[in-house]
Number of protein chains: 2
Amino acid sequence: MRPSIKQVANLAGVSIATVSRLLNKPGSVSAETAEKIHRSIEQLGFRPNFTGRNLRAGSSRTVGVVVPTLSNTVFAQCLQGIELAARELDYSVMFTTTEYLPEDESAAVELLLGHRVDGVILTVADAGANATLDLLEREKIPFVLTYNQLALSSDVRTDRLPRASVSVDNRAAACDAVTHLVKLGHRRIQMLSGRFNASDRAIQRYYGYLDAMQAAGLEPLPAIEVERHTLTAAADYQQMMANPAHRPTALFCSNDLLAMSAMRDLRALGLRVPRDISVMGFDGIPVGGLMEPVLASVVQPSEQIGDVALRTLVGAIERGAAAAAAGGAPVAAARHVLPHTVREGGSAAPPSQP
Amino acid sequence: MRPSIKQVANLAGVSIATVSRLLNKPGSVSAETAEKIHRSIEQLGFRPNFTGRNLRAGSSRTVGVVVPTLSNTVFAQCLQGIELAARELDYSVMFTTTEYLPEDESAAVELLLGHRVDGVILTVADAGANATLDLLEREKIPFVLTYNQLALSSDVRTDRLPRASVSVDNRAAACDAVTHLVKLGHRRIQMLSGRFNASDRAIQRYYGYLDAMQAAGLEPLPAIEVERHTLTAAADYQQMMANPAHRPTALFCSNDLLAMSAMRDLRALGLRVPRDISVMGFDGIPVGGLMEPVLASVVQPSEQIGDVALRTLVGAIERGAAAAAAGGAPVAAARHVLPHTVREGGSAAPPSQP
DNA sequence: ATGAAAGCGCTAACAA
DNA sequence: TTGTTAGCGCTTTCAT
């Protein structure tokens with residue numbers, strides 16, 4: 001077993017309380033005892049055991065993070081932002097993945113709660129009706145949603161506090177993207193989307209697509225939902241692409257990975273981007289900017305989303321602790337909507353036959 | 001405060017020991033008490049507090065992970081592999097980043113040790129001489145290196161146990177990549193590399209480049225080291241590219257992100273890949289396969305690296321615990337070398353002027 | 001300025 | 001099968 005505060009105290013010839021005090025508020029101990037203790041710490045290679053501290057203090061200075069996957073750069077960047085901010089604020093990060101399985105969300109959170117994390121940052125499939133969030137709320141564990149954007153309509157139950165979230169305005173962002181395509185002269189625009197039941201963002205983005213199409217007086221098409229980046233399996237998609245008469249002049253994809261996969265598939269079909277068809281993505285992942293043509297997309301600031309989420313969460317944790325101490329009431333949560341930008345790129349150009 | 005084992009015991013009318021027993025080995029408690037206790041647990045919404053358990057047991061079922069960054073897909077995939085395997089084995093993951101700063105490595109590990117993680121998986125700048133690894137060894141905390149590949153020469157000190165690592169054979173893989181370029185007919189091949197002092201892999205890969213060049217009887221060139229993907233800053237690179245007489249016919253890059261950045265820069269200079277110059281990367285990140293031309297690269301199985309690393313680590317942790325119980329000696333660590341494959345791609349083609 | 005002692009939630013002897 | 005009890009490492013009154 002590693003040296004404990006006790007061994008340090010023994011070696012220094014003081015009580016464990018004094019050692020503890022030195023560790024916490026160094027001002028409250030005399031210079032010479034401090035000196036002695038420091039020497040003992042050095043000599044023993046003592047390192048405070050957070051487990052003991054946490055048990056006693058009832059807080060762990062650790063936050064839990066739950067994201068669907070790390071295979072999508074977007075979430076990796078977000079986690080990166082979280083970690084950087086956490087380190088700055090002296091918090092640690094415990095991390096889990098759900099593989100887009102809603103049923104794994106609660107298990108993930110349960111595990112984190114077992115570790116007594118002080119708060120949780122998560123991206124869930126559907127933030128509207130979500131048992132995991134209800135659990136968190138019931139247990140009064142502060143949490144912040146990332147990417148999930150609470151539809152206002154889901155807050156009709158006014159008995160409930162608004163939930164904290166950090167995201168872009170997915171609907172408006174998608175609308176901007178499609179509007180960009182419209183401005184380029186496209187009239188037949190097809191949306192390709194990840195499964196709606198795995199991502200409420202995808203639904204919001206489809207609404208944005210509808211908004212833009214309607215605003216332009218164009219006929220919206222039903223979205224084609226595809227499994228994670230395997231377009232070859234989508235029969236309706238294949239069919240649509242095979243027939244030049246039905247083929248859209250532009251594709252709007254609910255995320256960049258999908259857009260890039262689509263471009264690959266289009267090439268396999270002998271179609272060229274943007275000459276034969278334009279493609280626009282969503283997310284603005286960095287590699288999109290390295291391609292030729294550059295992938296047109298809506299850029300969301302993923303790392304910043306992580307950063308803001310963490311700071312918001314820590315704010316809530318520390319306010320919560322203060323409130324608990326003061327016997328106060330919980331505080332209203334903030335809905336952060338970060339700005340998005342449209343990245344124009346060579347993959348979206350005017351249609352060849354207007 | 002959340003309900004503890006004590007409240008459960010009270011409500012069920014049994015002692016806390018019985019509750020604990022039910023939680024740990026359910027067989028050792030009678031069916032009816034089990035029933036009563038389960039009801040109480042349900043009713044109170046009790047969830048065992050790992051902090052208490054860990055403090056008592058001296059182990060946390062948590063592993064620490066330290067990677068340079070999550071901006072590079074390679075590490076994100078690796079972390080993904082770690083998390084998946086950890087979840088399967090019922091371990092949790094605490095995660096940190098070093099931003100490629102060697103001086104942050106020890107701070108990161110210190111923090112993890114404070115949390116009493118049972119073991120650590122890390123990718124360090126230089127595994128050959130690394131104070132952090134020495135610390136881990138001194139503290140007898142099991143650890144596994146990922147991507148870092150221990151040069152055999154660094155193990156001359158036979159008094160020390162070999163360290164555990166999971167990686168591809170970077171040198172051989174780079175050699176294969178360059179050999180591929182040679183076979184295509186290239187004779188003037190330039191290596192572009194990340195900073196050697198931030199990555200011992202980069203050095204190994206340069207050795208691989210030298211091996212291939214020498215084997216082919218070609219004159220190797222000094223590597224051009226560049227800061228993370230900002231080739232525009234590399235004066236020697238700019239100069240070399242400006243002059244067609246000095247320009248290499250192929251570029252071998254120490255990682256895919258660098259290769260993709262290079263391709264973008266080449267386009268900006270008016271050069272076309274692969275017509276004017278071939279480019280080959282290292283890592284085999286998935287997006288490389290979606291580009292046009294497909295990025296030729298050496299594929300390393302990042303997610304599998306994470307998976308193997310975690311399983312190796314857990315093996316060491318549990319063997320270590322068993323050995324400690326039996327008073328045995330530490331076990332020799334394994335050096336896992338996973339297979340790599342060369343991905344041929346349109347970015348590497350025969351030179352136009354042989 | 002320092003020490004003594006209680007207790008955070010849990011497990012593991014040891015008793016019964 | 002069940003209960004009693006000590007104690008993991010630490011913080012925090014309450015004394016001194």
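Numbered from 1 within each chain, the chains take letters A, B, ... in sequence-line order.
Here the range on DNA chain D touched by chain A, meaning any atom under 4.0 Å from one of its heavy atoms, is D:dG9 to D:dT12.
Interatomic distance, B:F46 CZ to B:R2 CZ, rounded to the nearest 0.5 Å: 12.0 Å. Rounding to the nearest 0.5 Å places CD of B:E83 at 9.0 Å from OG1 of A:T98. Separating the CG atom in A:L145 from the OG1 atom in A:T312 is a distance of 11.5 Å, to the nearest 0.5 Å. The CD atom of A:E303 sits 10.0 Å away from atom CG of A:L79, with the distance rounded to the nearest 0.5 Å.
One finds a side-chain N or O of A:T18 lying less than 4.0 angstrom from the OP1 or OP2 phosphate oxygen of C:dG3.
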TODO: Report the C-alpha distance between B:V93 and A:M94 in whole Å, list the side-chain angles of each, state the deciding distance to 0.1 Å, and finish with yes or no for side chain to side chain contact (heavy atoms under 4.5 Å, CB included).
DONE: CA-CA 6 Å; B:V93 176; A:M94 196 158 246; over 6 Å; no
Task: Per-nucleotide protein contact string for nucleotides 8-16 of chain C (B base, S sugar-phosphate only, - none; heavy atom under 4.0 Å) - done: BBBBB----
Side chains of residues 115-125 of chain B: which donor-acceptor partners sit under 3.5 Å, not counting sequence neighbours?
unit_1	atom_1	unit_2	atom_2	d
B:H115	NE2	A:S92	OG	2.8
B:R116	NH1	B:L113	O	3.0
B:R116	NH2	A:R47	O	3.3
B:D118	OD1	B:S60	N	3.0
B:D118	OD1	B:S60	OG	3.3
B:D118	OD2	B:S60	N	3.3
B:D118	OD2	B:R61	N	2.7
B:T123	OG1	B:T146	O	3.0
B:T123	OG1	B:T146	OG1	2.7

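A 6.0 Å sphere centred on CD of B:E32 holds no more than 12 heavy atoms belonging to other residues, nucleotides or ligands.
Between A:Y100 and A:F75, the ring planes lie perpendicular to each other; the angle is over 60°, past the 30° to 60° tilted range.
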